[in-house]
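Working notes for the structure below.
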Amino acid sequence: MEFLNYAFMQRALLAAALVGVTAPAVGIYLVQRRQALMGDGIGHVAMTGVGLGFLLSTSPVWMATAVAVVGAVAMELIRWYGKTRGDIALAMLFYGGMAGGVMLINIAPGGSNANLSSYLFGSLSTVSDDDVTAICLLAAFVVLVTVGLRRQLFAVSQDEEFARVTGLPVRALNLLTAVTAAVTVTVAMRVVGLLLVSALMVVPVAAAQQLTRSFAATFAIAVAIGISVTLGGTVTSYYQDVPPGATIVLLTIGVFIVLTLLATPLARRRARASAARDAACTADVPGARGTADEVTV
């Protein structure tokens, strides 16, 4: 446990724990909305914010947050109003953001692709006190939204039309989800990196769904997986001198594979038990077997 004696590891572990909470917390809504790759697109756009931060000599984290939020709102507007060519507009937004980030950071004073690398793939030693402060504030916003508005966000994610009929402000909640996802991307970029953050938003949720279908249980298990892999990946990265982002993502995928293998026989037993119960209920209903035979014929 000697790594706890180093200030940079203390900062990295705190940032990693916050990422482990926030990424699955917003990812569960993106998975329900079938927008699992939204985080990846926001990460591309946020690169322009990182480049602007270096160019203007301001905090790359806060600048990336601002640009990512604008990009996320633009994605939602394109989703609402874009028709047959909406996918092309999104592609231009994604790759334009990436190209803009590379260009801006290279024309910034003292900037180079080496500076961008720590934001793309994460870095333990470059997490500063200012970064931790920004991550704490942004993470608090994400937790407040994803937990405080969980019923409303879940309703919109499941069925927009039903949510609209019940009187929920669907468009406002969709925008809030997009903005929260954008904030989460910038929270995670110092630990996991912009290019890998989407995996941490999606894979823990998919892993949790192997064990349960309840929203509350899935949420809790996904967050527990997120915290475990981010802390474990950060410590592994320190001892083995490997990239933290890649280590965390590979650990997450490993957890998904293990839970899938464990859940498969359990799901089969549940299916057989359910089929047996259905058969027993059918046998107990007078005339049910004859009706079934008639349908089969």
Side-chain angles (χ1 to χ4, degrees), residues 15 18-53 59-80 82 86-102 104-105 116 118-122 131 134-135 137-139 141-143 145-146 153 156-157 171-205 226 230 245 248-249 252:
L18 293 173
V19 171
V21 173
T22 56
V26 71
I28 191 170
Y29 301 108
L30 299 183
V31 171
Q32 293 292 333
R33 288 155 56 102
R34 292 176 173 80
Q35 293 180 333
L37 295 179
M38 184 177 185
D40 189 50
I42 295 174
H44 284 66
V45 175
M47 288 174 60
T48 294
V50 173
L52 278 174
S59 170
V61 174
W62 288 113
M63 190 61 70
T65 301
V67 173
V69 167
V70 172
V73 172
M75 290 179 205
E76 277 299 302
L77 293 177
I78 291 172
R79 189 171 73 89
W80 293 341
D87 57 337
I88 296 178
L90 284 174
M92 289 191 293
L93 182 66
F94 294 168
Y95 298 112
M98 178 182 286
V102 173
L104 288 171
I105 201 168
L116 189 59
S118 64
Y119 291 90
L120 294 180
F121 304 107
D131 289 336
I135 290 171
L137 292 174
L138 294 172
F141 168 78
V142 173
V143 171
V145 171
T146 55
L153 294 177
V156 172
S157 300
R171 287 196 171 181
L173 289 171
N174 280 334
L175 277 176
L176 183 60
T177 302
V179 170
T180 307
V183 171
T184 303
V185 168
T186 55
V187 166
M189 72 178 181
R190 301 301 280 136
V191 177
V192 184
L194 292 172
L195 297 185
L196 298 174
V197 61
S198 185
L200 196 57
M201 298 169 75
V202 173
V203 180
V205 177
T230 51
I248 291 170
V249 171
T252 310

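Heavy-atom minimum distance, Leu200 versus Ala23: O-CB, 3.7 Å. Residue Ala64 comes nearest to Ala46 through the heavy atom pair CB-O, 3.8 Å, listed as atom of the first residue, atom of the second, then distance. The nearest pair of heavy atoms linking Val187 to Ala139 is CG2-N, 4.0 Å. In terms of heavy atoms, Ile42 sits closest to Ala72 at CD1-CB, 4.1 Å. Between Ala181 and Leu30 the shortest heavy-atom distance is CB-CD1, 4.2 Å. Taking all atoms of both residues into account, the shortest heavy-atom contact from Ala68 to Thr186 is CB-CG2, 4.2 Å.
With sequence neighbours excluded, no residue satisfies ring-ring contact (aromatic ring centres under 6.0 Å, His included) with Phe141. Residues meeting the salt bridge (Lys or Arg N to Asp or Glu O under 4.0 Å) test with Asp131, sequence neighbours left out: Arg190. Under the side chain to side chain contact (heavy atoms under 4.5 Å, CB included) criterion, Leu173 pairs with Gln152, Leu153, Val156, Leu168, Pro169, not counting sequence neighbours.
Although no hydrogens or angles enter the test, the distance criterion places no donor-acceptor pair under 3.5 Å between the side chain of Tyr29 and the main chain of Ala178.
Taking CG from Leu120 and CG from Leu194, the interatomic distance works out to 6.0 Å, rounded to the nearest 0.5 Å. Note that the OG atom of Ser198 and the CD atom of Gln35 stand 11.5 Å from one another [nearest 0.5 Å]. Considering CG of Leu104 and CG of Leu52, their distance stands at 5.0 Å, rounded to 0.5 Å. Interatomic distance, Met63 CE to Thr48 OG1, rounded to the nearest 0.5 Å: 11.5 Å. Atom CE of Met75 is separated from atom CG of Asn174 by 14.0 Å, given to the nearest 0.5 angstrom. Separating the CZ atom in Arg171 from the CD atom in Glu76 is a distance of 10.0 Å, to the nearest 0.5 Å.
Two residues are said to be in side-chain contact when any heavy atoms from C-beta on lie closer than 4.5 Å; Met201 and Val185 meet this criterion. Here the side chains of Val197 and Met189 are not in contact, with every heavy-atom distance at 4.5 Å or above. Side-chain contact between Leu195 and Met98: present, with at least one pair of heavy atoms (C-beta onward) separated by less than 4.5 Å. At least one side-chain heavy atom of Leu138 sits less than 4.5 Å from a side-chain heavy atom of Trp62.
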task: May I have the step-by-step check of side chain to side chain contact (heavy atoms under 4.5 Å, CB included) for Leu18 and Val143, ending in yes or no?
output: CA-CA 10 Å; Leu18 293 173; Val143 171; over 6 Å; no
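Between His44 and Tyr95, the angle of the ring planes goes over 60°, which puts this pair in the perpendicular group of the 30/60° scheme.
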